[in-house]
Structures are given as C-alpha cells and as structure tokens.
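Within every chain, numbering begins at 1; the chains are lettered A, B, ... in the order of the sequence lines, protein sequences first and strands thereafter. We use all heavy atoms of the structure for the numbers below, so side chains are in, but hydrogens, waters and symmetry mates are not.
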Number of protein chains: 2
Amino acid sequence: MDQIEVFKALSNKTRLQILAWLKEPDLHFPDYKTTCDKENLGVCVGHIQQKAGLTQSTISEYLSLLQRVGLVTATRMGKWTYYKRNEAAFTALSKIISSDI
Amino acid sequence: MDQIEVFKALSNKTRLQILAWLKEPDLHFPDYKTTCDKENLGVCVGHIQQKAGLTQSTISEYLSLLQRVGLVTATRMGKWTYYKRNEAAFTALSKIISSDI
DNA sequence: AATATATATCGGAATTTCCCGATATGCCTA
DNA sequence: TAGGCATATCGGGAAATTCCGATATATATT
C-alpha cells in the first residue's frame, strides 16, 4: 500500500463522497441492484456519475484512481464496470495510522 | 477535524517523514533535549530542518501546516518553537477511517 | 455490419502544491 | 539599542491536480 498515493486519493471531496456512498449502496443508489448489479458486484460508473454530478470522464478517472490505490475493486461485466469498496484496505489504513505513522 | 485537509497534509513524503521522526524524537534527534528542549515540549524547527535537508522556510511552512490541521502542537519558548505530535489526532483519524469513511 | 450504450483515455485550461530565495518578525544578549 | 539568532512570511517558478470536452474502445442489439 503506497501510503502517499492513498492519502492523495482521499484528499478530494468527490472521491471521499463516492467512498461514503459505496459504504451503503442500497441507501444511496436505491435501484442499483435491479438496474445493473444482479450479483452484488458493486455500483456501476453511470450511477455514481449521476449522483456526483461531475462529467463521465472525471468520475471514470476518479474510480480508476481509487482502484489503482486499492480502496475499491472493479469488476467488468458486459458493458458495465462495477465498483465496490475494498474494506480490507480501510482496515489496513486505519492500522497504519494508529501504529506506523 | 477537516478530513480533506488532514489527508492533504499526509500526502507528502517529507511531512510523513517528519511525523515519523517525531514519534521517537530521542532516536532521531539524539541531542535535542540537551540543546534546546529542556521540558519535553518537542523538537525545534532547526533540528527538523537539518534532518529533512530542505530549506528553513519550507520546513517552517510544513510544520505550520501540520499544526494547522491538528497533527502536531507548537509551543513557542523564547527564540524556539517546539513541535510535538498530537497523538489524539492520530487516534481520532484512525477511528474516522475505520468507521466514518 | 451498423448502431447504440457504457466506460476509458486523451489533451488542455485553471487551480493548487512543492520548494525555493529573500525578507520580516520576535526574542535574547551585549 | 544594536546585533545576532530562530522562526515566520512573502513572491514566485516548476510540477501536480482538478475537471472538462472530445474521442476511442468494448460490448450488446438489430
């Protein structure tokens, strides 16, 4: 885990917001299961983009960045890419802060 | 605690390094107690600057930033300013990551 | 094959961050 | 009060980040 890159990823309001939404997808994306995610793989880019209100390209890049640093996982299924929180990364980060840094 | 500002503060190699040094000041600043800090208030700017190898102005600004976001405390005593980790802030941040974000 | 849809990538303008040298401020001592 | 020392602040060039519109890629449908 590249700590600096993770902290950079968390230094942005929109990205923090997305991570918060992904914590309770049912609450923040009411119809995400019926519309695209049939197998609990996460939320697709379009839904996140709509809720965030930024452009598609920006949100796609943000999600890709969050995945690159390990905070979310990405699963491609057909036309969609589903993004989901990687809880293990948050647990690890929390420990790093309370003991390493 | 402004999360984004804290994460920005942690998104820099030198500042992370300083925080790590301040965790064990006796180890990383062998003579800091005899030379300036007689009352365990922390390490003064000059010692940190020397070890970091960046300019005085840069380190002064970095320490001021770390203090502004609450990760360290600053105590002015005569000509010196002593900086010390604020462990409570790290504990709080660790909890925020494991529960809020 | 042609089209439509979902996502990814590219190029760039505006803003922010990094780190510097120069200078200012505050405190101590002669 | 004059001078020296520790730290803070200012102004700025270079690099990185933010977010956009345009375009490319991949998949599904007709």
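The Thr58(A) side chain lies nearest to dC19(D) when the options are dG21(D), dC19(D), dT7(C). Minimum atom distance to the side chain of Lys79(A) is reached by dT5(C), of the listed dC10(C), dT5(C), dC10(D). Out of dT7(C), dC20(D), dC19(C), the shortest distance to the side chain of Ser60(A) is found at dT7(C). Looking at the side chain of Ser57(B), the nearest of the listed nucleotides dT16(C), dA8(C), dA22(C) is dA22(C). Closest to the Thr14(A) side chain, of the nucleotides dG26(C), dC19(D), dC10(C), is dC19(D).
Inter-residue side-chain proximity for Ile4(B) and Lys13(A) is flagged as met; some heavy-atom pair is nearer than 4.5 Å. Put simply, the side chain of Phe7(B) reaches to within 4.5 Å of the side chain of Leu16(A), judged on heavy atoms.
The nearest heavy atom of DNA chain D to Gly53(A) and to Gly78(A) marks one nucleotide each, and the one closer to the 5' end goes with Gly53(A). When each of Gln56(A) and Leu65(A) is assigned the nucleotide of DNA chain D bearing its nearest heavy atom, the one mapping closer to the 5' terminus is Leu65(A).
One atom, NZ of Lys13(B), and another, P of dC18(C), lie 14 Å apart when rounded to the nearest Å. Atom CD of Glu61(A) and atom P of dC19(D) are 11 Å apart (whole Å). Between the CD atom of Gln49(B) and the P atom of dA6(D) there is a distance of 11 Å, rounded to whole Å. Taking atom CD1 of Ile59(A) as the reference point, atom P of dC19(D) lies 8 Å away to the nearest angstrom. Between the P atom of dC18(C) and the CG atom of Leu16(B) lies a distance of 11 Å, rounded to the nearest Å.
At the phosphate of dA16(D), neither OP1 nor OP2 sits under 4.0 Å from any side-chain N or O atom of Lys8(A). Contact annotation: Arg15(A) reaches the phosphate of dT18(D) (side-chain N/O to OP1 or OP2, under 4.0 Å). Considering only side-chain N and O atoms, Asn12(A) lies under 4.0 angstrom from the phosphate OP1 or OP2 of dT18(D). The shortest distance between the side-chain N/O atoms of Tyr62(A) and the OP1/OP2 oxygens of dC20(D) is not below 4.0 Å.
At the heavy-atom level, Thr81(B) lies under 4.0 Å from the strands shown only through sugar-phosphate atoms.
Side chain of Lys23(B) to main chain of Ser99(A): a donor-acceptor pair is present (N/O by atom type, distance under 3.5 Å, no hydrogens or angles).
Counting atom types as modelled, Thr55(A) pairs no side-chain N or O with a base atom of dG21(D) as donor and acceptor under 3.5 Å.
Ring geometry for Phe29(A) versus Trp21(A): interplanar angle over 60°, hence perpendicular rather than tilted (30 to 60°).
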